[in-house]
Amino acid sequence: MTISPESFRERILSEIEPMAASPQPIMECLGLACAEDVRAGVSLPGFDNSAMDGYAVRAEDVAGAVPDSPVDLPVVGEIGAGQASLLALPPGAAAKIMTGAPLPSGADAVVPYEWTDRGVARVVIDQSPSVGQHVRYAGEDVSVGDVVVSEGTVLVPRHLGLLASVGRSHVAARPRPRVVILSTGSELREPGQPLGHDSIYDGNSFLLAAAARQAGAIAYRVGIVPDSPRDFLTALHDQLVRADLVITSGGVSMGDYDVVKEALAPQGVWFGGVSMQPGKPQGFGKVGEEQVPIFCLPGNPVSSFVSFENFVLPALRRLMGKKPELRPSVTAKITHAMTSPKGRRQFMRGDYDGTHATVSPVGGPGSHLIGDLATANCLLVIPEDTTEIEAGEPVEVLVLDQEF
Ligand code: AMP
Ligand code: MG
């Protein structure tokens with residue numbers, strides 16, 4: 001008995017609520033979903049100001065200035081950015097003004113240096129600006145009270161710049177989930193340590209911790225846990241205090257040492273088969289007093305990655321209030337014929353060429369092929385009832401490592 005990837009995902013998501021939002025310093029919010037409609041506290045620009053270094057004038061005082069017949073005006077003052085000293089410009093005069101400095105009242109245009117002799121006491125102007133030329137008007141970009149960032153927007157650097165520009169130091173955002181990653185397997189060794197003839201390096205905890213971090217979470221990679229239910233439960237319970245979500249790798253299938261299943265099935269965690277390849281054996285439930293969601297992923301590296309993509313990523317996005325929760329797919333023409341098992345949705349690794357909207361399978365179906373997984377840039381999604389695909393047919397593709 002297996003369940004479909006959708007019904008497993010729905011079951012997971014029905015048990016996960018977005019985390020509570022709170023005000024956070026804006027620099028901590030890159031990649032987070034904004035949890036409020038942010039209204040501008042000030043207009044942008046906040047006051048009429050100069051767009052050029054030059055001279056503030058009344059346009060009518062310099063009308064008709066041309067190189068053969070320039071106009072010269074007395075210079076009555078100088079206004080730098082951040083200096084509001086000269087508040088009014090008398091008629092028939094000019095004031096030196098720098099980019100961003102407030103336009104004195106009475107002035108309605110700026111003559112850039114390039115149209116003048118750069119005079120100090122008097123200035124000779126040989127080109128006339130139109131009314132408003134080189135002036136940036138108050139509120140022309142953003143008006144006070146405008147919604148500048150709406151709730152749910154995933155904040156990118158441009159939003160942070162705007163939030164700061166309208167005077168916000170903090171903004172309501174959902175926190176980054178703290179994700180604890182535990183690798184199980186008595187055969188596993190830490191990279192950098194010596195390897196026995198029967199041992200392998202623990203790749204999964206790095207893969208999963210990095211994937212969680214890429215999704216916006218704070219990832220805590222716990223070391224390797226041997227295939228002992230007692231050791232596993234001790235390690236898990238030690239970690240629960242700092243976890244909003246737990247991911248385990250390995251120990252969920254039908255072997256004799258399936259430690260995660262053995263330790264957690266009695267605690268009510270669900271273990272079963274999902275009709276997909278790779279990633280058939282899965283576990284999900286809640287553990288500890290705080291009922292922390294736990295994802296028990298299969299140990300083969302490609303299986304654990306495909307499981308993360310299908311189940312953990314949408315859960316993390318739900319916690320963070322990010323929409324859409326599922327990575328959007330694209331359609332591409334497959335370059336080679338392919339077969340796929342009946343009754344299981346296959347997530348084959350691929351090389352997607354966005355320019356030509358084509359995709360080629362990478363490597364074979366084996367779920368141990370981490371070299372091919374790293375070479376690939378996408379997953380091809382082959383439906384359960386499709387067993388053969390001809391070259392040139394359209395297929396669904398999940399392009400990896402892209403923001404959405
Ligand atoms: P398991 O799900 O524990 O039966 O593991 C399935 C396969 O994945 C076995 O060949 C394991 O050695 C391998 N494996 C399990 N955990 C890891 C890991 N953390 N890194 C790399 N390979 C792993
Ligand atoms: Mg194992």
Side-chain angles (χ1 to χ4, degrees), residues 2 5 8 179-214 217 219-236 239 243 245-266 269-285 294-313 341 344 346-349 363-376 379:
T2 58
F8 185 45
V179 178
V180 161
I181 297 104
L182 287 157
S183 276
T184 69
S186 295
E187 75 280 29
L188 300 177
R189 299 290 178 270
E190 195 70 19
Q193 297 300 308
L195 206 56
H197 66 278
D198 56 354
S199 52
I200 62 170
Y201 288 123
D202 167 19
N204 290 359
S205 64
F206 291 89
L207 168 68
L208 296 167
R213 190 181 292 176
Q214 194 177 49
Y220 298 116
R221 197 189 67 85
V222 178
I224 298 153
V225 183
D227 289 320
S228 136
R230 255 188 74 188
D231 291 348
F232 171 76
L233 285 174
T234 306
L236 175 63
Q239 294 296 327
L245 187 149
V246 176
I247 307 173
T248 68
S249 133
V252 295
S253 42
M254 297 296 172
D256 287 344
Y257 302 100
D258 281 323
V259 57
V260 176
K261 199 167 161 182
E262 203 176 318
L264 293 181
V269 172
W270 175 88
F271 289 91
V274 176
S275 49
M276 59 195 268
Q277 183 192 54
K280 184 177 176 197
Q282 296 287 339
F284 173 75
I294 185 165
F295 290 78
C296 305
L297 311 185
N300 273 305
V302 184
S303 312
S304 74
F305 176 74
V306 168
S307 306
F308 180 95
E309 181 68 25
N310 271 279
F311 309 120
V312 186
L313 183 59
R344 290 174 74 181
Q346 194 183 9
F347 292 90
M348 182 62 198
R349 278 65 64 205
S367 55
H368 59 296
L369 301 171
I370 191 166
D372 291 330
L373 176 64
T375 310
L379 295 174

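All residue numbers in this chain count up from 1 along the given sequence. One-based numbering, in listed order, for ligands and for the atoms of each. As a basis for the values below, the full set of heavy atoms in this structure was taken, side chains included, without hydrogen atoms, waters or symmetry mates.
When only interatomic distances are considered, the shortest N/O to N/O separation between P301 and ligand 1 does not fall below 3.5 Å. Checked against a 3.5 angstrom limit, the closest N/O atoms of P298 and ligand 1 fall outside it. In terms of N/O distances under 3.5 Å, ligand 1 is approached by G299.
Take S253 and apply the side-chain contact (heavy atoms from CB on, under 4.5 Å) test, not counting sequence neighbours, and it matches D258, P281.
In this structure a side-chain-to-backbone donor-acceptor pair under 3.5 Å is present from D227 to S186. A distance-only check finds no donor-acceptor pair linking the side chain of R213 to the backbone of Y220 [under 3.5 Å]. At least one donor-acceptor pair under 3.5 Å links the side chain of N204 to the backbone N or O of G299. At distances below 3.5 Å, at least one donor-acceptor pair connects side-chain atoms of D202 with backbone N or O atoms of S205.
Between A219 and I181, the closest heavy-atom pair is CB-CD1, 3.9 Å. Of all the heavy atoms in V302 and I370, the pair that sits closest is CG2-N, 4.3 Å.
Using a 4.0 angstrom heavy-atom cutoff, G203 counts as in contact with ligand 1.
In terms of protein heavy atoms, atom 3 (O) of ligand 1 is closest to G251 N, 2.9 Å. In terms of protein heavy-atom proximity, atom 17 (C) of ligand 1 is nearest to N204 ND2, 3.4 Å. Remark: minimum distance from atom 4 (O) of ligand 1 to any protein heavy atom is reached at S253 OG, 3.9 Å.
Counting the atoms of ligand 1 from 1 in the order shown, those under 4.0 Å from a heavy atom of Y201 are 20 (N), 21 (C). Remark: ligand 1 atoms within the under-4.0 Å shell around heavy atoms of S249 are 16 (N), 19 (N). Atoms of ligand 1 lying under 4.0 Å from any heavy atom of I200, numbered from 1 in the order shown and given with element: 12 (O), 21 (C), 22 (N), 23 (C).
Contact annotation: for I224 versus ligand 1, there are no heavy atoms closer than 4.0 Å. Contacts with ligand 1 closer than 4.0 Å are made by side-chain heavy atoms of E187 only, the backbone lying farther away.
W270 and F8 have tilted rings, their planes meeting at an angle from 30° to 60° on a 0 to 90° scale.
Across T248, D202, I370, heavy-atom proximity to atom 19 (N) of ligand 1 is greatest for D202. Checking V302, V260, N300, V259 against atom 10 (O) of ligand 1, the nearest heavy atom belongs to N300.
Residue pairs meeting the side chain to side chain donor-acceptor pair (under 3.5 Å) criterion with at least one member in residues 190-199, sequence neighbours excluded: E190-R221.
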